[in-house]
Participant: 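I'd like to ask you about the structure that follows.
Naming convention: chains lettered A, B, ... in sequence-line order (proteins, then strands); numbering from 1 in each chain.
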Protein chains: 2
Amino acid sequence: MSLRNAVMAALLDGESSGYDLAKAFDASVANFWICTPQQLYRELDRMEADGLIVARTVEQERRPNKRLFSLTELGREELTGFTAGPHKPTAIRDELLVAVLAADSGDIEGVLASIRERKQWAEAKVARYERLRAKLLDGRSEEDFLATAERVGPYLTLLRGLSFERDNVRWCARSLTVLERRGARLDAPG
Amino acid sequence: MSLRNAVMAALLDGESSGYDLAKAFDASVANFWICTPQQLYRELDRMEADGLIVARTVEQERRPNKRLFSLTELGREELTGFTAGPHKPTAIRDELLVAVLAADSGDIEGVLASIRERKQWAEAKVARYERLRAKLLDGRSEEDFLATAERVGPYLTLLRGLSFERDNVRWCARSLTVLERRGARLDAPG
DNA sequence: CCGACCTAGTCAACAAGTTGAGTATGTGAG
DNA sequence: CTCACATACTCAACTTGTTGACTAGGTCGG
């Protein structure tokens with residue numbers, strides 16, 4: 001049921017097509033929620049049926065028609081109700097960690113490669129989030145921004161995504177050190 | 001398919017009943033993967049059917065009989081294959097973040113309460129992970145442990161869970177400051 | 001003018017995760 | 001003596017999330 005609320009939160013910025021939402025999810029909500037376009041379209045249909053959003057079809061000349069969705073009053077109420085809580089706690093749920101848990105009796109070289117890849121990926125995410133942050137701040141200092149901006153929610157969630165990926169980078173680096181040393185020890189014991 | 005691998009990784013420590021696995025998941029694998037007992041039992045049945053694990057029924061006098069599962073050679077191979085990768089990247093997927101994203105036009109007091117609750121919960125987790133860490137180290141220094149322990153995987157994943165929760169605590173504190181100030185400003189503008 | 005990529009979706013099938021209840025016994029606290 | 005809690009599960013129904021393929025036109029580079 002949270003995808004619904006994530007979609008509604010995204011629609012607070014104004015009406016949007018399913019296609020644009022999919023991209024927006026990739027770009028910003030993806031900090032803390034990911035979904036495939038298929039999931040999104042299915043959910044949008046249901047939300048429309050439930051009266052949380054309304055669609056407006058826009059005919060285009062040299063493009064397929066698109067449907068722009070926007071929040072209804074009911075949708076806004078539901079979203080406010082959702083923000084009132086309560087919210088389930090969360091856990092990381094990461095395949096890579098499962099692999100690291102089993103690394104000692106598995107393919108250590110393979111795990112090392114996966115960690116290196118993840119580290120690069122996380123570094124790229126950090127860079128991207130930094131750019132997004134600069135764009136949000138738009139020249140203002142953080143203090144200035146927080147005092148004047150209409151919405152601080154997107155900034156706070158961005159900070160969470162940013163520190164998560166920084167943490168990932170640090171952990172990857174640490175794990176590489178530990179596992180590389182271990183690999184060396186196992187290759188040449190004594 | 002990753003629950004399978006998480007279960008197999010847990011069985012590296014030796015045979016275990018479904019019930020004990022459920023508890024073990026709560027205690028340690030839960031750093032990065034959570035599941036309900038129902039999911040676990042269902043998955044164990046399938047894994048047995050697929051020959052990844054074998055069950056040994058132990059009759060007990062004053063307790064229901066239990067079935068102890070252990071990895072088969074095939075299971076070990078599958079797990080090693082899994083560690084070789086590749087692994088899907090991950091995202092946070094947290095309801096609370098959805099609520100914060102929408103906080104500006106939602107129930108700010110409710111969101112604040114949720115963040116406070118989450119902060120306490122994360123602090124409790126940190127304390128618990130610290131105790132687990134002390135138990136794993138068992139008096140040794142980290143360096144000593146890493147040099148001598150049979151398996152370092154469980155330690156590394158524990159570190160990941162620990163830093164994730166520490167990060168949660170920090171982010172909660174920061175968000176509370178920002179949102180409280182904002183709430184005050186909205187209550188008494190100018 | 002061909003192939004790759006962009007816009008803007010749809011459909012179907014399946015795998016994974018969640019929720020709620022039920023079974024049956026034993027132990028320890030008040 | 002009762003009530004909560006621990007052991008050790010099972011069953012069924014449901015909601016979410018994933019995978020892969022398909023439609024149909026437009027744009028841009030070589």
Participant: Can you check the B:Leu21 CG to D:dA8 C1' distance for me, whole Å?
Facilitator: 13 Å
Participant: Tell me if a side-chain donor or acceptor on A:Asp94 pairs with a main-chain N or O of B:Thr90 at a distance below 3.5 Å.
Facilitator: no
Participant: Which whole-number value in Å describes the distance from A:Arg67 CZ to C:dG9 P?
Facilitator: 8 Å
Participant: Closer than 4.0 Å, any side-chain N/O of B:Tyr19 to the OP1 or OP2 of D:dC9?
Facilitator: no
Participant: Can you measure B:Asp45 atom CG to C:dA16 atom P for me and round it to whole angstrom units?
Facilitator: 15 Å
Participant: Is the distance from OP1 or OP2 of D:dA8 to the nearest side-chain N or O of B:Gln60 less than 4.0 Å?
Facilitator: yes
Participant: If you check every side-chain atom of B:Arg93, which of C:dA8, D:dT19, D:dG17 has the closest atom?
Facilitator: D:dG17
Participant: Side-chain N or O of A:Lys88 less than 4.0 angstrom from OP1 or OP2 on C:dT18?
Facilitator: no
Participant: Please confirm whether the shortest side-chain N or O distance from A:Gln39 to OP1 or OP2 of D:dT18 is below 4.0 Å.
Facilitator: yes
Participant: What nucleotide, of D:dT16, D:dG17, D:dG20, holds the atom closest to the side chain of A:Arg46?
Facilitator: D:dT16
Participant: What is the distance, to the nearest angstrom, from the CG atom on A:Asn65 to the C1' atom on D:dG25?
Facilitator: 11 Å
Participant: Scan B:Leu96, B:Leu101, B:Leu97 and name whichever one has a side chain to side chain contact (heavy atoms under 4.5 Å, CB included) with A:Arg160.
Facilitator: B:Leu97
Participant: Is there a salt bridge (charged side-chain N to carboxylate O under 4.0 Å, His left out) between A:Asp45 and A:Arg67? Walk through the geometry before answering.
Facilitator: CA-CA 11 Å; A:Asp45 286 345; A:Arg67 302 208 304 146; 3.7 Å; yes
Participant: Rounded to the Å, how far apart are A:Lys66 NZ and C:dC6 C1'?
Facilitator: 13 Å
Participant: Output the single nucleotide from D:dC11, D:dT18, C:dT18 whose closest atom is nearest the side chain of B:Thr36.
Facilitator: C:dT18
Participant: Provide, to the nearest angstrom, the distance between the CH2 atom belonging to B:Trp33 and the C1' atom belonging to C:dT18.
Facilitator: 15 Å
Participant: Do you know which two heavy atoms are closest between B:Gly85 and A:Ser114, and how far apart they sit?
Facilitator: CA-OG, 4.2 Å
Participant: Within this structure, what is the OH-to-C1' distance between B:Tyr41 and D:dC11, rounded to whole angstrom?
Facilitator: 14 Å
Participant: Rounded to the nearest Å, what distance is computed from the CG atom of residue B:Leu40 to the P atom of nucleotide D:dA8?
Facilitator: 14 Å
Participant: Let me spell it out: for each of A:Cys35 and B:Gln38, pick the nucleotide of DNA chain D with the closest heavy atom. Which residue's pick is nearer the 5' end?
Facilitator: B:Gln38
Participant: Just by modelled atom types, is the B:Gln39 backbone N or O under 3.5 Å from a matching donor or acceptor in the B:Arg42 side chain?
Facilitator: no
Participant: Does A:Ser17 make a side-chain N or O approach to OP1 or OP2 of C:dT7 shorter than 4.0 Å?
Facilitator: no
